[in-house]
There are 2 protein chains.
Amino acid sequence: MGLTKTEKFTEQQNEIATIAKVLGHPARIAILDFLIKLDSCVCGDLVKDIGLAQPTISQHLKELKKVGIIKGKIEGTSVCYCIDQEKWKAITKTLNNFLNKNTTNTCC
Amino acid sequence: MGLTKTEKFTEQQNEIATIAKVLGHPARIAILDFLIKLDSCVCGDLVKDIGLAQPTISQHLKELKKVGIIKGKIEGTSVCYCIDQEKWKAITKTLNNFLNKNTTNTCC
DNA sequence: TTGATTAATTGTAATATTGCAATAAACAAA
DNA sequence: TTTGTTTATTGCAATATTACAATTAATCAA
């Protein structure tokens, strides 16, 4: 069916999955890597650096914006994209909350 | 095209994305949550607990096994699934490596 | 042997994702 | 206004993912 049954899961489970899903594409990781390296950036640079077509990059940026991990500020003809520090911290916290839930068990 | 161009990205970027992708579905987060709560588990319990059909659960377990975050041990008619502690730690490290790369910038 | 139980596999339908060409929109410079 | 630059949107094709019914395989119990 291709349709995730979100109603079967807790809000937290859905939240973790949504974040992870957005991070689940190497182009988006590459974009974030690039943004981290710089202080700001325009889409044009990304197209050159990452090597995917401009509409594809634009689409990935949209996904990243959807979870708020990046934000864009229009500056004339170009757009300055950068990491949303607050959101990045929140996402880090959410993922670590989950990752740290696991304690050493003795089974298997 | 639906086909990720992995060759355009670094090994590390692909690795992070692969891990995140597997965590990018609430059913798989729910399965991991359930496994963490217990010390061991069988698929039957998961079907009841999560509320998806048995083949669907089986498919999600396969995805989780693919990245090694869980392991299954056959015990008679049922299978004992549990977290692979070593792999969990490795995955946590990989994700945190990425998440901690980001430092406070002053742009935007 | 059967019959029951449990989990994997297969096949299929529906939806989602990825990627890009073509186009549009928004702005700056001439 | 026209022209060039930059990014977003649209439309489409190809592939991937999600979900489940039906079936298979494997084991245990009687």
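Because only heavy atoms are used, hydrogens play no part in the values below, and waters and symmetry mates are left out as well, while side chains stay in. Each chain gets a letter, A, B and so on, in the order its sequence line appears, and its residues count up from 1.
At the phosphate of D/dT17, OP1 or OP2 sits under 4.0 Å from a side-chain N or O atom of B/Lys21. Regarding contacts with the backbone of C/dT17, every side-chain N or O of A/His60 stays at 4.0 angstrom or more from both OP1 and OP2.
Heavy-atom distances to DNA chain D give each of A/Thr6 and A/Val42 a nearest nucleotide, and the one nearer the 5′ end belongs to A/Val42. Annotation: of the two residues near DNA chain C, A/Ile74 and A/His25, the 5′-most nearest-nucleotide partner is A/His25. Taking for each of A/Gly44 and A/Lys8 the nucleotide of DNA chain D with the nearest heavy atom, the 5'-most of the two is the partner of A/Gly44.
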Set out, in order, the CA-CA distance, both residues' side-chain angles and the distance that settles side chain to side chain contact (heavy atoms under 4.5 Å, CB included) for A/Leu52 and A/Val47, then state yes or no. CA-CA 6 Å; A/Leu52 294 176; A/Val47 172; over 6 Å; no
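Listed by first and then second residue, the side chain to side chain donor-acceptor pair (under 3.5 Å) pairs involving residues 41-62 of chain A are A/Arg28-A/His60 (not counting sequence neighbours).
Regarding A/Lys73, its NZ atom lies at a distance of 17 Å from the C1' atom of D/dT6, rounded to whole Å. In this structure, the CD atom of B/Glu75 is 14 Å from the P atom of D/dT27, given to the nearest Å. Following rounding to the nearest Å, B/Glu63 (CD) and D/dA19 (P) show an atom-to-atom distance of 11 Å. What separates CG of A/Asp45 from P of D/dT5 is a distance of 15 Å, to the nearest Å.
Put simply, the side chain of A/Trp88 never gets that close to the backbone of A/Ile70: no donor and acceptor are under 3.5 Å apart. Looking only at distances, a side-chain donor or acceptor of A/Asn14 sits under 3.5 Å from a matching main-chain atom of A/Thr6.
When the shell of 6.0 Å around CD of A/Glu63 is examined, it contains more than 12 heavy atoms from other residues, nucleotides or ligands.
Here C/dG19 is the nucleotide among C/dG19, D/dC20, D/dT18 with the atom lying nearest to any side-chain atom of A/Leu52.
Residue-level contact check: B/Thr56 touches the bases, meaning some heavy atom is under 4.0 Å from a base atom.
Between the side chains of B/Tyr81 and B/Lys65, at least one donor N or O sits under 3.5 Å from an acceptor N or O.
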Check: protein-nucleotides 8-12 of chain C nitrogen or oxygen pairs below 3.5 Å:
from: C/dA8; atom 1: OP1; to: B/Tyr81; atom 2: OH; distance (Å): 2.4
from: C/dA8; atom 1: OP2; to: B/Ser58; atom 2: OG; distance (Å): 2.9
from: C/dA8; atom 1: N7; to: B/Gln54; atom 2: NE2; distance (Å): 2.6
from: C/dA8; atom 1: N6; to: B/Gln54; atom 2: OE1; distance (Å): 2.8

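Following chains of ILVMFWY side-chain contacts shorter than 4.5 Å, one cannot reach A/Val42 starting from A/Leu64, and the two form parts of different hydrophobic clusters.
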